[in-house]
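We count residues from 1, following the sequence as given. Computed from a prediction, not measured in an experiment: that's the story for all the values here.
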Amino acid sequence: MPDKSLYMKSSLFGAGLGIFFGAILGAVTGALSASWSGVQFGALWGIAFGMLTGALTGALTVRTAGTTGGVSTGAYTGMLFGALLGVLGIFIPEAFRASVLALDILILNVIMQGRFEMVALLMFLLSIIGTAVGAWVGGRILKSRNLDDYCK
């Protein structure tokens with residue numbers, strides 16, 4: 001089992017990456033509303049969800065990949081965890097969906113038509129964040145091996 005400081009470093013690093021990627025994805029998703037307040041709202045929620053997803057993905061990547069797993073193990077760990085965390089979108093209040101539908105923008109009407117669509121969008125976005133964070137953390141904690149020892 002990896003040491004505790006590796007969990008802490010990876011969680012903090014993952015939270016920072018999650019904030020960065022979450023802010024970008026949230027702002028772009030908020031831009032679908034074609035309003036500045038939508039961009040701000042999306043960026044703020046992207047930061048919040050990104051920090052949570054990034055920190056937990058960083059710790060989970062240390063657990064699954066360790067120092068030998070690498071980028072792919074981290075990416076797949078983050079992808080799965082982001083999708084599972086996105087299921088929490090089922091708890092998004094119905095009033096939020098109604099307020100988005102009141103904007104009467106075609107793409108938002110399609111995305112927010114029902115709970116399934118909202119959860120699918122959140123699962124997709126958190127999976128993107130988790131994949132990026134997991135791959136980066138998995139590559140960062142990978143310890144190089146001396147292949148000359150294995151080829152003799």
Listed partners of S33 passing side-chain hydrogen bond (donor to acceptor under 3.5 Å, both in side chains), at least two apart: S35
ILVMFWY cluster, L80 and V133 together (side-chain gap under 4.5 Å): no
Spell out, yes or no, whether F124 and L126 are grouped together once hydrophobic residues are joined by side-chain heavy atoms under 4.5 Å, including indirect joins. yes
Just verifying a value: how many Å separate T53 OG1 and L17 CG, rounded to the nearest 0.5 Å? 12.5 Å
Is a donor on one side and an acceptor on the other found under 3.5 Å between the side chain of S127 and the backbone of M79? yes
Spacing of CG belonging to L12 relative to OH belonging to Y7, to within rounding of 0.5 Å: 14.5 Å
Might you point out which heavy atoms bring I141 and G66 nearest each other, and give the distance in Å? CD1-O, 3.1 Å
Salt bridge (charged side-chain N to carboxylate O under 4.0 Å, His left out) contacts in which one or both residues fall within residues 24-45, not counting sequence neighbours: none
When rounded to the nearest 0.5 angstrom, what is the spacing between CH2 in W136 and OG1 in T57? 14.5 Å
Are V119 and V100 connected, step by step, through hydrophobic side chains (Ile, Leu, Val, Met, Phe, Trp, Tyr) whose heavy atoms are closer than 4.5 Å? yes
Between side-chain atoms of residues 102-114 and protein atoms elsewhere (two or more places apart, or another chain), which donor-acceptor pairs fall under 3.5 Å?
residue	atom	partner	partner atom	Å
D104	OD1	N109	ND2	3.2

Can you give me every donor-acceptor pair (side chain of residues 85-93, partner residue at least two apart or in another chain, under 3.5 Å) with its distance?
none

Restricting to ring pair (Phe, Tyr, Trp, His ring centres under 6.0 Å), what partner residues turn up for F96, sequence neighbours left out? F41
Each residue besides V71 in its hydrophobic cluster should be listed here, by chain and number; the cluster joins Ile, Leu, Val, Met, Phe, Trp and Tyr at side-chain heavy-atom distances under 4.5 Å. none
Please go through M51's hydrophobic cluster and name the other residues, only I, L, V, M, F, W, Y counting, with side-chain heavy atoms under 4.5 Å joining them. I19, I47
More than 12 heavy atoms of other residues, nucleotides or ligands under 6.0 Å from CZ of F13: is that the case? yes
Nearest 0.5 angstrom please: L121 CG to L32 CG, how far? 8.5 Å
Measure the spacing between CG of L122 and CZ of F49 and express it to the nearest 0.5 Å. 5.0 Å
L25 versus T29, closest heavy-atom pair with distance: O-OG1, 2.7 Å
Among residues two or more places apart or on two chains, list those pairs meeting salt bridge (charged side-chain N to carboxylate O under 4.0 Å, His left out) that have a residue in residues 36-59. none
Residues clustering with F116 (ILVMFWY side chains joined when closer than 4.5 Å, directly or via others): none
Examine F21 and L44 and state if one hydrophobic cluster contains both, with Ile, Leu, Val, Met, Phe, Trp and Tyr joined whenever side-chain heavy atoms are less than 4.5 Å apart. no
Residue set satisfying side-chain hydrogen bond (donor to acceptor under 3.5 Å, both in side chains) with R140, at least two apart, ordered chain then number -> none
Keeping to residues at least two apart or across chains, list the ring-ring contact (aromatic ring centres under 6.0 Å, His included) pairs with something in residues 55-84. none
Measure the spacing between CZ of R63 and CG of L60 and express it to the nearest 0.5 Å. 9.5 Å
Kindly write out the residues that satisfy side-chain hydrogen bond (donor to acceptor under 3.5 Å, both in side chains) with T77, not counting sequence neighbours, or none if the list is empty. T64
